[in-house]
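Report on the following structure.
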Amino acid sequence: MPIQPTVAPIRKAIIPVAGLGTRMLPATKAIPKELLPVYDRPVIQWVVEEAIAAGIEEIIFVTRSGKEAIENHFDAHYELEHRLERKGKETILKTVKDIIPPHITIVSIRQADALGLGHAVLCAKQQIAGEPFAVLLPDVLVLDAANNPHGHSFAHMMAAWQQSGHGQIMVEQVAPAEVEQYGIADVNGSSIEHFASSPIHQLVEKPSPAEAPSNLAVLGRYLLPAQVMQLLQTTPAGAGGEIQLTDALDSLLKQQPLGAFLTSAATYDCGNKRGYLGANVAVGLRDEKNRDYLSKLISE
Ligand code: G1P
């Protein structure tokens with residue numbers, strides 16, 4: 001029988017949170033954009049829950065000064081917990097205590113200079129310590145259909161890593177005019193099914209619609225081999241004068257395969273007003289207690 005290569009499980013996730021949130025000003029003047037609530041919890045809590053549900057055990061925030069409230073949100077708050085306990089407010093207490101299960105470690109690392117997503121990821125190199133890792137962008141809410149038989153897209157993509165040992169990048173189809181806002185994956189014209197992965201031929205960061213090789217946009221969920229860190233060390237500044245993760249991943253393709261994993265989930269970029277509003281409505285409609293109220297409000 002052929003010996004199956006063992007694929008190292010991905011346990012660590014980098015979440016870059018050093019962005020200034022300028023697209024959401026003035027809301028984000030004093031509050032990190034990652035802490036703006038989507039319905040009943042900060043957008044970043046949704047993203048951390050998504051990572052944990054897929055088996056991640058260590059969350060590494062790449063952060064900056066002025067964003068300490070993010071770390072506080074994921075830390076214990078003894079006075080609050082004590083008071084809620086004394087007043088017998090068990091349900092609320094549970095929502096506070098359950099934010100981070102006991103087996104999860106949270107680490108934070110500073111990014112002193114905003115040199116791009118690739119640079120933010122590289123800041124976590126020592127903490128990643130030669131292991132494969134995940135990257136989740138905190139602005140993006142990935143909302144899988146509640147009755148989706150495949151479960152959560154990110155957990156499903158983790159299974160694709162486990163089966164193939166190849167890095168995976170989650171993609172979605174976008175309108176041709178929107179390609180210039182994203183990293184775009186070229187899969188040599190092959191048609192991918194939802195929740196399946198197809199080998200990537202090339203990756204381009206923010207191409208013009210005329211130059212884009214496809215409309216498959218990188219949406220902000222990655223499962224990557226450790227080698228990416230070495231490549232990032234020598235990746236020059238690219239689109240927008242920033243060190244781009246997409247460029248390092250394009251170089252990685254010369255050494256090993258990467259898969260484009262197509263999701264059918266609805267995604268919302270909560271870093272802009274439209275996506276943020278959409279996320280709140282979409283999540284609100286999932287709560288049975290408020291669904292009728294919200295539907296009525298919208299139809300009026
Ligand atoms: C980043 C990535 C880009 C990706 C996008 C998803 O760009 O560089 O490849 O498609 O996130 O939101 P940014 O939105 O930070 O400019």
Side-chain angles (χ1 to χ4, degrees), residues 7-8 10 12-16 19 62 111 114-125 128 130-137 139-140 142 153-154 157-158 160-161 164-192 196-263 267 269:
V7 178
I10 294 185
K12 298 179 180 180
I14 300 172
I15 306 189
V62 178
Q111 183 185 20
L115 299 178
L117 175 60
H119 177 258
V121 170
L122 184 59
C123 288
K125 181 172 184 275
I128 290 297
E131 288 187 34
F133 60 96
V135 178
L136 295 98
L137 302 190
D139 287 348
V140 184
V142 178
S153 292
F154 191 59
M157 187 165 84
M158 191 68 99
W161 155 269
S164 65
H166 298 153
Q168 303 290 330
I169 301 175
M170 199 182 291
V171 296
E172 64 179 342
Q173 274 149 342
V174 297
E178 289 175 11
V179 290
E180 58 197 358
Q181 299 166 31
Y182 298 96
I184 298 294
D186 175 2
V187 293
N188 255 345
S190 57
S191 61
I192 326 177
S197 175
S198 189
I200 298 175
H201 175 63
Q202 186 201 1
L203 284 159
V204 198
E205 179 70 10
K206 302 194 173 77
S208 68
E211 285 165 353
S214 79
N215 68 338
L216 294 174
V218 174
L219 66 90
R221 299 291 184 270
Y222 311 77
L223 296 172
L224 302 173
Q227 288 85 338
V228 173
M229 289 294 184
Q230 274 79 45
L231 291 167
L232 279 170
Q233 281 179 310
T234 52
T235 301
E242 297 187 337
I243 298 171
Q244 298 291 352
L245 179 59
T246 304
D247 293 344
L249 298 179
D250 187 55
S251 307
L252 182 73
L253 286 169
K254 296 187 184 81
Q255 301 173 10
Q256 55 177 285
L258 276 174
F261 180 93
L262 183 66
T263 180
T267 64
D269 181 354

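- Rounding to the nearest 0.5 angstrom, the gap separating the CD1 atom in Ile200 from the OG atom in Ser214 is 9.5 Å.
- Rounding to the nearest 0.5 Å gives a distance of 4.0 Å between CG of Leu136 and CZ of Phe154.
- Put simply, the side chain of Glu172 never gets that close to the backbone of Met170: no donor and acceptor are under 3.5 Å apart.
- Summarising the geometry, atom CG belonging to Leu258 is positioned 5.0 Å from atom CG belonging to Leu253; distances are rounded to the nearest 0.5 Å.
- For Ala120 against Pro16, the heavy-atom pair with the smallest separation is CB-CB, 4.0 Å.
- Nearest approach of Val174 to Ala217, heavy atoms of both residues: CG1-CB, 3.7 Å.
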>> Would Val135 and Leu137 count as a side-chain contact (heavy atoms from CB on, under 4.5 Å) here? Give the steps.
In response: CA-CA 7 Å; Val135 178; Leu137 302 190; 4.2 Å; yes
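- Residues Ala248 and Leu231 approach most closely at O-CD1, 3.8 Å, considering heavy atoms.
- In this structure a side-chain-to-backbone donor-acceptor pair under 3.5 Å is missing from Arg221 to Ile169.
- Counting heavy atoms from C-beta outward, Val121 and Val62 have side chains that stay 4.5 Å or more apart.
- Counting only heavy atoms from C-beta outward, the side chains of Val179 and Val204 never approach each other to under 4.5 Å.
- To the nearest 0.5 angstrom, Gln227 atom CD is 4.5 Å from Gln256 atom CD.
- Side-chain N or O atoms of Trp161 include none that pairs as donor or acceptor with a backbone N or O of Leu224 at under 3.5 Å.
- Contact detail for Val228 and Leu245: the closest heavy-atom pair is CG1-CD1, 4.1 Å.
- Side-chain contact between Leu252 and Pro225 is present, with at least one heavy-atom pair separated by less than 4.5 Å.
- Proximity of Val187 to Val171: side-chain heavy atoms (C-beta onward) are nowhere separated by under 4.5 Å.
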> Can you list the steps and then say if Glu242 with Leu117 is a side-chain contact (heavy atoms from CB on, under 4.5 Å)?
Replying inline: CA-CA 8 Å; Glu242 297 187 337; Leu117 175 60; over 6 Å; no
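- Under the 3.5 Å distance criterion, the side-chain polar atoms of Gln244 are matched with a main-chain donor or acceptor of Ala239.
- Within the 4.5 Å cutoff, no side-chain heavy atoms of Phe261 are placed close to those of Leu223.
- To the nearest 0.5 Å, atom CD of residue Gln181 and atom CD of residue Glu205 are 11.5 Å apart.
- Shown here for Gly130 and Ala226, the closest heavy-atom pair between the two residues is O-CB, 3.3 Å.
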> Do Leu216 and Ile192 pass the side-chain contact (heavy atoms from CB on, under 4.5 Å) test, and can you show the C-alpha distance, the side-chain angles, and the key distance before you say yes or no?
Replying inline: CA-CA 10 Å; Leu216 294 174; Ile192 326 177; 3.9 Å; yes
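- Side-chain contact check for Ile14 versus Tyr222: every heavy-atom pair is 4.5 Å or farther apart.
- Taking CD1 from Ile128 and SG from Cys123, the interatomic distance works out to 12.0 Å, rounded to the nearest 0.5 Å.
- In this structure a side-chain-to-backbone donor-acceptor pair under 3.5 Å is present from Asp250 to Leu203.
- When all heavy atoms of Glu180 and Ser208 are compared, the pair lying nearest together is OE1-CA, 4.2 Å.
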